[in-house]
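Reading through the structure tokens given below for one structure.
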Amino acid sequence: MFRQLYTALTSENTLDQAFEDLTSMLEHGEWMFARANDVLYSTVPADEVRQPLYDRDQAINELERSIRRKVLRHLTVNPGHDVAICLALMSVAKDAERIGDYCKNVFEVGSFYSEGFHVPRYQGPLDGMAEQMGRMFGMMVSATRDSDEAKARQVLSMARGIRAQGDHLIEELFKDDQQVAFHEAVAYSLLARHYKRVASHLANIATAVVGQLEDLDFYHDEGDEAE
């Protein structure tokens with residue numbers, strides 16, 4: 001599907017960067033996710049990451065606006081032409097923008113909570129989710145850039161697993177009758193939620209790559225509105 005999208009958009013000089021803009025958004029999101037987790041695990045200080053991370057988020061926002069301008073210009077010059085494809089591009093550009101927001105949320109957990117993680121039954125699954133998502137970003141960048149449907153399907157499969165893990169972890173926190181420090185429990189819950197949402201947005205972009213436009217937005221959590 002994205003190869004078709006690329007062909008349609010590059011037919012106009014004003015749109016020949018739209019596809020690259022989306023890939024750049026994902027690359028910025030990949031960087032932000034990695035740095036946010038560095039702060040979370042205290043491998044780099046929050047003050048060292050804060051401004052570069054927020055600068056990347058602003059770059060993502062500008063790239064989304066750039067894609068909107070290019071798509072609208074294309075539809076104005078070519079009314080009724082490639083409408084479904086252009087709407088899909090605008091939809092997944094919003095997903096890429098939301099990923100930046102949730103990476104900021106992960107960073108904020110690491111910045112605000114500094115007491116450390118001491119409950120392996122929660123920390124272990126979260127570590128695994130973060131590691132998988134790091135690989136998902138790399139696959140999604142490649143899938144979007146190269147219209148690689150096989151990698152996109154891998155992302156979809158991994159996202160389903162991460163969502164299930166996040167749901168299970170939150171459920172276990174509610175049922176846990178053992179002592180877990182309040183702020184630590186809040187941190188676990190927030191991370192599970194943020195990781196789930198990043199995975200959901202990556203899955204939505206993957207859905208477009210495999211051409212299932214009718215399924216766009218069905219990976220989002222209820223109430224996942226723009227902030």
Review point. Taking side chain as C-beta onward, heavy atoms only, is E171 less than 4.5 Å from D167?
Key: no
Note: G166 and A192 closest approach over all heavy atoms is O-CB, 4.1 Å
(request) Indicate yes or no: at least one non-hydrogen side-chain atom of R160 is less than 4.5 angstrom from one of S157. (result) yes
| query | Would you say V209 and M140 make side-chain contact, with heavy atoms under 4.5 Å? | reply | yes
CD (E48) and CG (D38) are apart, to the nearest 0.5 Å, by 9.5 Å
(Q) If hydrophobic clusters are built by linking Ile, Leu, Val, Met, Phe, Trp and Tyr wherever their side-chain heavy atoms come under 4.5 Å apart, do Y102 and F112 end up in the same one? (A) no
CZ (R145) and OG1 (T23) are apart, to the nearest 0.5 Å, by 7.0 Å
Closest heavy-atom pair, G110 versus V39, reported as atoms and distance to 0.1 Å, is C-CG1, 3.9 Å
Taking it one step at a time, do I205 and L26 satisfy side-chain contact (heavy atoms from CB on, under 4.5 Å)? CA-CA 10 Å; I205 299 171; L26 286 169; 3.7 Å; yes
task = Mind running salt bridge (charged side-chain N to carboxylate O under 4.0 Å, His left out) on R69 and E62 for me, showing each step along the way?
result = CA-CA 11 Å; R69 287 193 296 269; E62 180 52 40; 3.0 Å; yes
Note to self: Between F107 and L40, is the side-chain contact (heavy atoms from CB on, under 4.5 Å) condition met? List the steps.
What the structure shows: CA-CA 7 Å; F107 166 78; L40 186 67; over 6 Å; no
Those residues at least two apart in sequence (or on a different chain) that pass side-chain hydrogen bond (donor to acceptor under 3.5 Å, both in side chains) with S111 are R50
With a 3.5 Å distance limit and no angle check, can you tell me whether S189 reaches the backbone of A185 through a side-chain donor-acceptor pair?
no
The reported gap from NZ in K94 to CD in E64 (rounded to nearest 0.5 angstrom) is 5.0 Å
The single option from L63, V92, V141 that satisfies side chain to side chain contact (heavy atoms under 4.5 Å, CB included) with M25 is L63
Whether the side chain of S91 engages the backbone of L87 through a donor-acceptor N/O pair (distance < 3.5 Å, no angle test) should be reported.
no
**Prompt:** Does a salt bridge link K70 with D21, judged by any charged N lying under 4.0 Å from a carboxylate O?
**Reply:** yes
Nearest heavy-atom contact between A93 and L22 is CA-CD1, 4.0 Å
Checklist line | Heavy-atom side-chain contact between H201 and N204 under 4.5 Å | finding: no
Distance-only check: which donor-acceptor pairs under 3.5 Å involve side-chain atoms of residues 126-139, not counting sequence neighbours?
from	atom 1	to	atom 2	distance (Å)
D127	OD1	Y41	OH	2.6
D127	OD1	Q123	NE2	2.5
E131	OE2	R135	NE	3.0
Q132	NE2	Q165	OE1	3.4

Between the CG atom in L173 and the NE2 atom in H168, the distance rounded to the nearest 0.5 Å is 10.0 Å
Between R193 and I170, the two heavy atoms sitting closest are N-CD1, 4.4 Å
*Does D95 come within less than 4.0 Å of R98, counting only side-chain N to carboxylate O?*
no
Open item on the list: Do P52 and W31 make a side-chain contact, defined as non-hydrogen atoms from C-beta onward lying under 4.5 Å apart?
Closed with: yes
| task | Might you work through the side-chain contact (heavy atoms from CB on, under 4.5 Å) test for R68 and M90, ending with a clear yes or no? | result | CA-CA 6 Å; R68 287 182 181 178; M90 292 181 71; 3.9 Å; yes
Nearest heavy-atom approach of V106 to A36 is CG1-CB, 3.9 Å
Here the gap from Q178 atom CD to R121 atom CZ, rounded to the nearest 0.5 Å, amounts to 4.0 Å
Are Y195 and F33 close enough that their ring centers fall under 6.0 Å?
yes
With sequence neighbours left out, the residues meeting ring-ring contact (aromatic ring centres under 6.0 Å, His included) with Y122 are Y188
Q.
Let's go through H28 and R56 carefully: what are the C-alpha distance in whole Å and the side-chain angles of both, what is the deciding distance for side chain to side chain donor-acceptor pair (under 3.5 Å) to 0.1 Å, and is it a yes or a no?
A. CA-CA 6 Å; H28 285 314; R56 294 267 185 161; 3.1 Å; yes
Of all heavy-atom pairs linking D176 and V180, the shortest is OD2-CG2, 3.8 Å
Interatomic distance, CE@M32 vs CG@D55, rounded to 0.5 Å, equals 10.0 Å
Going hydrophobic residue to hydrophobic residue with side-chain gaps under 4.5 angstrom, can you get from L190 over to F182? yes
Taking side chain as C-beta onward, heavy atoms only, is C103 less than 4.5 Å from I99? yes
R35/V44 under side-chain contact (heavy atoms from CB on, under 4.5 Å): CA gap, chis, key distance, verdict = CA-CA 8 Å; R35 297 294 81 75; V44 296; 5.8 Å; no
Exercise for the section: Taking the side chain as every heavy atom from C-beta outward, state whether H118 and E184 have any atom pair closer than 4.5 Å. Expected result: yes
